[in-house]
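One structure is given below, encoded as structure tokens.
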Protein chains: 2
Amino acid sequence: MSAGRTARERVRAELTREITDIARRHLETDGAGGLSLRAVAREMGMVSSAIHRYFPTKDDLLTALIIDAYNAVGQAVEDADDAAPRDDYAGRWMAMCRAVRAWALAHPHEYALIHGTPVPGYQAPQDTVDPAARDGIRFSRLLSEASRAGEIRVPPPTDAPVGAFSDAEKLRETIFADVDPEVALRGLHAWTWLYGAVSFELFGMYNNIVEKRAATFEHGALSMAAYLGLSPR
Amino acid sequence: MSAGRTARERVRAELTREITDIARRHLETDGAGGLSLRAVAREMGMVSSAIHRYFPTKDDLLTALIIDAYNAVGQAVEDADDAAPRDDYAGRWMAMCRAVRAWALAHPHEYALIHGTPVPGYQAPQDTVDPAARDGIRFSRLLSEASRAGEIRVPPPTDAPVGAFSDAEKLRETIFADVDPEVALRGLHAWTWLYGAVSFELFGMYNNIVEKRAATFEHGALSMAAYLGLSPR
DNA sequence: AAGAAAAGAGAGCACCGCTCTTGACGTTTG
DNA sequence: CAAACGTCAAGAGCGGTGCTCTCTTTTCTT
């Protein structure tokens, strides 16, 4: 993001940033499917074809927006985790949950971009997988640290087939080191709940049903901490 | 859906059905945003404008598809519940979970229509709210019946603000009759987990992370039954 | 200062949703 | 039994879309 050396590179970087900013704003009104390169170009006072110099195709622009969104929520989760006392594991979980919800409420359309319906015809390129994993990695690290510290009361194993993770060895040995398999799976389920709750709230599934959204979310996150076996402080 | 009396009404009903069928197929390839009345008309050998006689606007067609989808998943949940032994409450919960997942896997694009990103600019009309509530009502009824039968081991209350439901009186007194508030809230969270899990699986969030999807889902649903306090049989 | 590279402009193609008007039907009523 | 009415197909047209192609202008490098 540092200023390029030549004037051309600088103005190019600036225009690129302006394009993504405008596109993000258009996302709010028209959704990912309705994103229009022409409209962005028009708003920039640019002729419609010129924008293809910066993003050859609409999918390229979409990819940029998706990567930005993943990084934004990942950053929010990391910041929230970093701001909490290291040994308050339940508190860190709560902080991460609140960070995800707060970011999603503040950027509903970017959230929809990464956790809503996949854009038809869009194939996520390899560049998106690392940013997409940031939040989950932070969360699994929390479980690992809590486990090592003996701060997880391992729940009784669920009577169900296990061995769910792919690349089981790699994942369990790195991300989920020292985590009881039942806890690791419950971590996955709690993580699933978190995004399910945010999606429900954002996508209108709580309309006419849940009134006090923040309180309900807080209750859910807390009871999920108990479900995980995280000792409260 | 019964055959109309006049020939005109009959052919109209048939064409209407053909339109929704084709539209459903288009949904699979182009998504809700890319749904094209013209394309449907073309596929039917109809001139583009004629289709507006059946669905005045694209949103009307969308509404029909959405109502159908809600009813389909609601029906699947109801059938699954009906097929399970009445007093096996955990089994009924599992059956409902599997029904939702199975229906979603079989109709991913219709699932996306009702649980994915809201279609921008689309305002769900009143006709959609009753079908949308079918599955949830069935689930809350299960909790009520289990509570009345004393088959729920009420979990310790989560230390969090409550009173989350809207129209609290109406909801608690009708749908969630005899259900402990903590259990009712956990029911909401478990319900949230269910759709979060299905969405994660369908929208590709488990890619590169979870391999054995069915087993993981089974584990999650079972551990959610325990989370709810539903006694296993 | 000259040549190369990058960017912008504009036309064009094949689509899209939707509106409006026209004309051909079938049904119902006087 | 025929005329009035309601229903629906058809087509033209408007303003929009992504993307490609050519052509000119600007900028950087040598």
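What you are looking at is a predicted structure, and each value in this text was computed from that prediction instead of being measured. Throughout, a chain's letter reflects where its sequence line sits, starting with A, and its residues are numbered from 1.
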Separation of Asp59(A) atom CG from dC19(D) atom C1', in whole Å? 12 Å

On the nucleotide dG16(D), are OP1 or OP2 found under 4.0 Å from the side-chain N or O atoms that Ser36(A) carries? no

Quick one: does Arg138(A)'s side chain have a donor or acceptor within less than 3.5 Å of a partner on Asp81(A)'s backbone? no

Rounded off to whole Å, could you give me the CG-to-C1' distance for the Leu61(A) and dG18(D) pair? 13 Å

Looking only at N and O atoms, is any donor in the side chain of Arg53(A) or the base of dG8(C) less than 3.5 Å from an acceptor on the other one? yes

Are any of Thr57(A)'s side-chain N or O atoms less than 4.0 Å away from OP1 or OP2 of dC19(D)? yes

Calculate the interatomic distance between Arg10(A) atom CZ and dT27(D) atom C1'; express it in whole Å. 15 Å

Rounded to whole angstroms, how far apart are NZ on Lys58(B) and P on dG17(C)? 6 Å

Determine: side-chain N/O of Arg12(A) to OP1/OP2 of dT27(D), distance under 4.0 Å, yes or no. no

Are Tyr54(A) and dG8(C) close enough that a side-chain N or O sits under 4.0 Å from OP1 or OP2? yes

Once you apply a heavy-atom cut-off of 4.0 Å, does Leu15(A) come out as touching a base, just sugar-phosphate, or nothing? sugar-phosphate

Would you please confirm or rule out a distance under 4.0 Å between OP1 or OP2 of dG11(D) and any side-chain N or O of Ser49(B)? no

Which nucleotide in dG16(D), dG17(C), dC19(D) has an atom nearest any side-chain atom of Leu37(B): dG17(C)

Check whether Tyr70(B) forms a cation-pi arrangement with Arg134(B) (NZ or CZ under 6.0 Å from the six-membered ring centre, at most 45° off the ring normal). no

Listed nucleotide nearest any side-chain atom of Arg38(B), set dG17(C), dG12(C), dG11(D): dG17(C)

Return the value, rounded to whole Å, for the distance between atom CE of Met46(A) and atom P of dA6(C). 16 Å

Arg213(A) charged N/C atom sitting above Tyr206(A) aromatic ring, 6.0 Å / 45°: no

Checking His52(B) side chain against Pro56(B) main chain: does a donor-acceptor pair fall under 3.5 Å? yes

Distance, rounded to the nearest Å, where Arg42(B) contributes CZ and dC15(C) contributes P: 7 Å

What does Leu35(A) touch in the nucleic acid at a heavy-atom separation under 4.0 angstrom: a base, only the sugar-phosphate, or nothing? sugar-phosphate

I'd like to know if the side chain of Trp93(A) reaches the main chain of Leu142(A), judged simply by a donor and an acceptor atom lying under 3.5 Å from each other, with no hydrogens or angles considered. no

Distance, rounded to the nearest Å, where His26(A) contributes NE2 and dT17(D) contributes P: 10 Å

What's the CD1-P distance between Ile51(A) and dG18(D), to the nearest Å? 9 Å

Could you check whether Phe55(B) gets within reach of a base, just the sugar-phosphate, or nothing at all, counting any heavy atom under 4.0 Å? nothing

